[in-house]
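Structure first, then comments.
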Amino acid sequence: MSQAVDEIKIGGIGASRKRVEDNRFIRGKGNYTDDIVLPGMLHMEILRSPLAHARIKSIDASKAWDIPGVHLVLTGEMMATRNLAWMPTLSYDTQAVLATDKVRFQGQEVACVIADDPYIAKDACEAIVVDYEPLPAIVNPWQAVADGAPVIRDDKENQPDNIIYNWEVGDRDGTERAFASADLVSKLELHYPRSHPSPIECCGSIADFNRATSKLTVYMTTQAPHIIRAAVAMVAELPEHMIRIISPDIGGGFGNKVPVYPGYVCSILASILLERPVKWIEDKSGNLISTGFARDVYLTGEMALRKDGKILAVRMHTDADHGAFFSDAQPSKFKIGLMHSAFAAYDIPVAHLTARGTYSNKAPGGVAYRCSFRVTEAMFFQERMVQAAATDLGMDQAAFRRMNFVRDDQFPHRTPFGFLLDSGQYGKCLDVGLKAIDYDNFRQQQEEARSRGRLLGLGISTMTEPLGAGNSREYDILGIKMFDSADLKVHMTGKAIVRTGARGQGQGHETTWAQIVSHELGIPADDIVVEEGDTDTAPFGMGTYASRSTPVAGAAVAMVARKIRAKARKLAAHLLEVSEEDVEWELGRFYVRSAPDHGVTIQECAIAAYSNMPDGMEPGLQNTAFYDPPNLTWPFAVYIVTVEVDPETGVWDVLKMVAVDDCGVRINPMIVEGQIMGGLTEAYAMSNMQFMTFDADGNCVGANYMDYLLPTAWETPGFELHSEVVTPCPHHPIGAKGIGECAAVGGPAAFVNAVIDALTGTGVRNIDMPLLPDRVWEAITYRRDISGAPPVRADD
Ligand code: CDP
């Protein structure tokens, strides 16, 4: 009779354990960067450019220096004397810390003031006089490559134009041949607009340089503390062991808190110069206008089809607007991130993707907003294209998908772009979704409604996302290979602490990492504390973004727990006075194979590690594991939405939405559901209410929360979640795949597909997001596609 502990009762894998971090969050006891107050702390504010493109003729900061309470005014000229006017980006480009020659986007950092309090610093910023000579602004890729276009990056040698890269992947010739043999070629063209992660907490830092110890401590809102430490060591030329990055509680990141921002660098320099702590907390407009935007890609593509519905080939082209500096945080090998994960879920023999990146007079973009390096754009295009192709063929949307899916017996499956899909049950997920939405019945209702002038629509979107970069062979950031590690220390009383180099921003790592240890060792999750975010105590890790934490850091947690168990087994054999080979494990306990009642608990092994270890054994029970994943994990999802569109106003309402997510083994089902709901909410917002664009002069229109709307519970529809499909990841130690981003990645196409489906018969093929009522109304009324691309100047 087993005496194993009950895994669900102790809060192991599969338990919907309440999030331990919420105890402090919902009581208002979180410790965010802005909550930290250090003795003698000064405050920094940033002066930003009002113009998108202008030459700086002069900067006069004399009046700012004269204001009582001002300690320092930093300008680009001063930064340049310390070789800090420019810094490297995570994509091997350079970015101005404070502008010297030109400003290249509206909101660019021009000067900083450090003062006794933020109000004095803000007033002093306004006292700085900058003489600008305006230059024509470039706001889209077509202007960027036009003859005679002003060269935005004239600071760079060997940069005669505004093109950053031309990149391609796949088989050009094979794709040509497949297209030549097609019965039908379906085409689509769309713009995935700029969007902003807009976390509730803005970016910020407190730099504290201690001259006596030569140590620099920086509290900051970063999703990747170890990468930041490496970057600071490189930029500031400080020794790495003298830099401590502490990322306290973070109020949402979504990719916005991965890059290195000029504010961080300036606060560090100011602290070194003044030998006092310097705090910089960005305001909301600063965050919206100048920090990492996402998307802004123009996608065109064609699908070669056989008349029975088989997809023969895909051709895709992307024009990516990167803003003034190419600062994407992404593996250096892939210039347009993982855009080539498009169409991975479909069994397509051959494909070809080209991508061109250009500079523009916008804040640097390319942040993977709740997305694994451009996968959102890839999946959006994929599912919009699949809908267009099915429509062109006159085929049922669901049947067309099912026919072309990678089948269950085809895994592991190599995509035409070279990825290796691990596992999945795509057809089953679709079946669950169709049943939940009552597909056939809805199609009938839709027909009937149409005969009465009502516009109902149904949109399907599927997604598979490559999560868990790396492996280290292919994935790196700034040449640093992508892997993760975990430290586990089991104290003599059997309580434990686990640390990783990941850094959650609300995802619940403090809860789920403990659950993994419980699953491996049988220690109750409540007896395990999780710590992340301090480079002096956490082991090395690449941080939390691209839903990589569970696939990589979570795997490292499982692996280190297994190392602990291996040592505990030796201790158990010693305590039980048998050889190690005679010892069996069940959750929480070792026992003698021939006498199952004769056993010791993991807690008894822990105390023995400090008080009764065998001769020659190193005392203690702690270890570290580095985990370099053999492959990415590939979760899959089906999202189906039904909508009703009001033809008189263009307003559309969600009638029902169902989500079927297969992320392998769910560590904490409740947290997984929370991740899916959050992602669907963001997807809904992107599809219909987040409007941020640029006018012809490069002014950022929508850099406020009146235009760029964050959905509340009031406008967010209900979601019906399904968890019955579980395909464990074959190479992950506990079979888990990532989930954090899936719904935000796959969700937008479901909403747009539903609205386009409702307009069947009007000839409207595409409306670019956000599907604001006026755009939908215009599409219905004038029976035309609506492009959301930014305007060009009248003289273009
Ligand atoms: O990297 P990030 O934490 O943003 O994403 P993730 O690894 O997908 O995890 C998001 C949250 O969901 C974490 O608390 C995970 O441990 C949890 N999760 C889970 O419980 N089961 C899974 N199969 C995947 C994630």
Side-chain angles (χ1 to χ4, degrees), residues 11-22 197 199 223-224 247 250 252-258 329 368-373 375 422-423 463 465-470 482 484 486 498 500-519 525 528 530 532-533 541-558 627 629 632-637 661-679 682 721 723 725-729 731-746:
I13 290 184
S16 282
R17 184 176 178 233
K18 282 193 179 156
R19 291 166 29 116
V20 291
E21 42 276 87
D22 287 354
Q223 297 174 226
S247 179
I250 301 183
F254 310 110
N256 189 239
K257 292 170 180 166
V258 177
Y369 166 22
R370 207 164 184 171
C371 156
S372 186
F373 316 117
V375 171
D422 57 358
S423 61
M463 74 99 235
E465 201 188 357
L467 296 181
M482 297 188 82
D484 272 297
V498 62
T500 79
R503 190 22 165 167
Q505 314 114 46
Q507 294 92 329
H509 295 176
E510 289 170 46
T511 309
T512 49
W513 294 169
Q515 293 186 250
I516 296 174
V517 176
S518 288
H519 170 75
I528 302 157
V530 175
E532 293 180 335
M542 293 301 278
T544 291
Y545 43 89
S547 290
R548 59 184 302 284
S549 305
T550 303
V552 196
V557 172
Y627 185 76
L632 300 152
T633 71
W634 293 82
F636 181 76
D661 277 89
D662 177 5
C663 60
V665 171
R666 295 183 176 202
I667 302 163
N668 183 320
M670 183 192 68
I671 287 185
V672 168
E673 291 199 349
Q675 295 288 305
I676 296 167
M677 285 190 188
E682 286 183 319
L721 308 186
S723 57
V725 189
V726 177
T727 318
C729 172
H731 60 77
H732 188 279
I734 57 165
K737 303 179 179 185
I739 185 65
E741 300 160 350
C742 297
V745 167

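Remember, predicted model here, so these are calculated numbers, not experimental data. Note that ligands are numbered from 1 as they come in the structure, with each ligand's atoms numbered from 1 the same way.
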Which of the numbered atoms in ligand 1 are below 4.0 angstrom from a heavy atom of [X]?
X	value
I671	11 (C), 12 (O), 14 (O), 17 (C)
T544	1 (O), 2 (P), 3 (O), 4 (O)
W513	16 (O)
A736	23 (N)
P551	7 (O)
G738	8 (O)
R548	1 (O)

Side chains of [X] and [Y]: is there a donor and an acceptor less than 3.5 Å apart?
X	Y	result
E682	Y369	yes
T544	Q223	no
E741	S372	no

Between [X] and ligand 1, which residue portion shows a heavy-atom distance shorter than 4.0 Å: side chain, backbone, both, or neither?
X	result
V665	backbone
K737	backbone
I739	both
V672	side chain
I667	both

Answer whether the closest heavy-atom distance between the side chains of [X] and [Y] falls below 4.5 Å.
X	Y	result
P199	Q505	no
M677	L721	yes
H732	D422	no
I739	T550	no
H731	T633	yes

Just go through Q223, H732, H509, M670 and tell me whose heavy atom is the nearest to atom 3 (O) of ligand 1.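 Comparing heavy atoms across Q223, H732, H509, M670, the nearest one to atom 3 (O) of ligand 1 lies in H509.
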Could you work out, for atom 5 (O) of ligand 1, the closest of G664, S547, G253, G14 by heavy-atom distance? S547
For C663 and ligand 1, answer yes if some heavy atom of the residue is under 4.0 Å from a ligand atom, otherwise no.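 True for this residue.
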Within the structure, does [X] bring an N/O atom to less than 3.5 angstrom of an N/O atom in ligand 1?
X	answer
N668	yes
S549	yes
T512	yes

If you compare all heavy atoms of S723 against all heavy atoms of R666, which two are closest, and at what distance to 0.1 Å?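 Looking at all heavy atoms of both residues, the closest pair is CB-NH1, 3.3 Å.
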Among V725, V672, L467, find the one that has a side chain to side chain contact (heavy atoms under 4.5 Å, CB included) with C663.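 It is V672, the one option of V725, V672, L467 that forms the side chain to side chain contact (heavy atoms under 4.5 Å, CB included) with C663.
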Check the pair S423 / T727 against side chain to side chain donor-acceptor pair (under 3.5 Å), numbers first and verdict last. CA-CA 7 Å; S423 61; T727 318; 5.5 Å; no
To check your reading of the model: name the closest protein heavy atom to atom 15 (C) of ligand 1, its residue, and the distance in Å.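 Answer for atom 15 (C) of ligand 1: T550 OG1, 3.2 Å.
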Starting from atom 11 (C) of ligand 1, what is the nearest protein heavy atom, named by residue and atom, and what distance separates them?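 Atom 11 (C) of ligand 1 sits closest to the protein heavy atom Q507 O, 3.5 Å.
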Kindly write out the residues that satisfy ring-ring contact (aromatic ring centres under 6.0 Å, His included) with H519, not counting sequence neighbours, or none if the list is empty.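 None.
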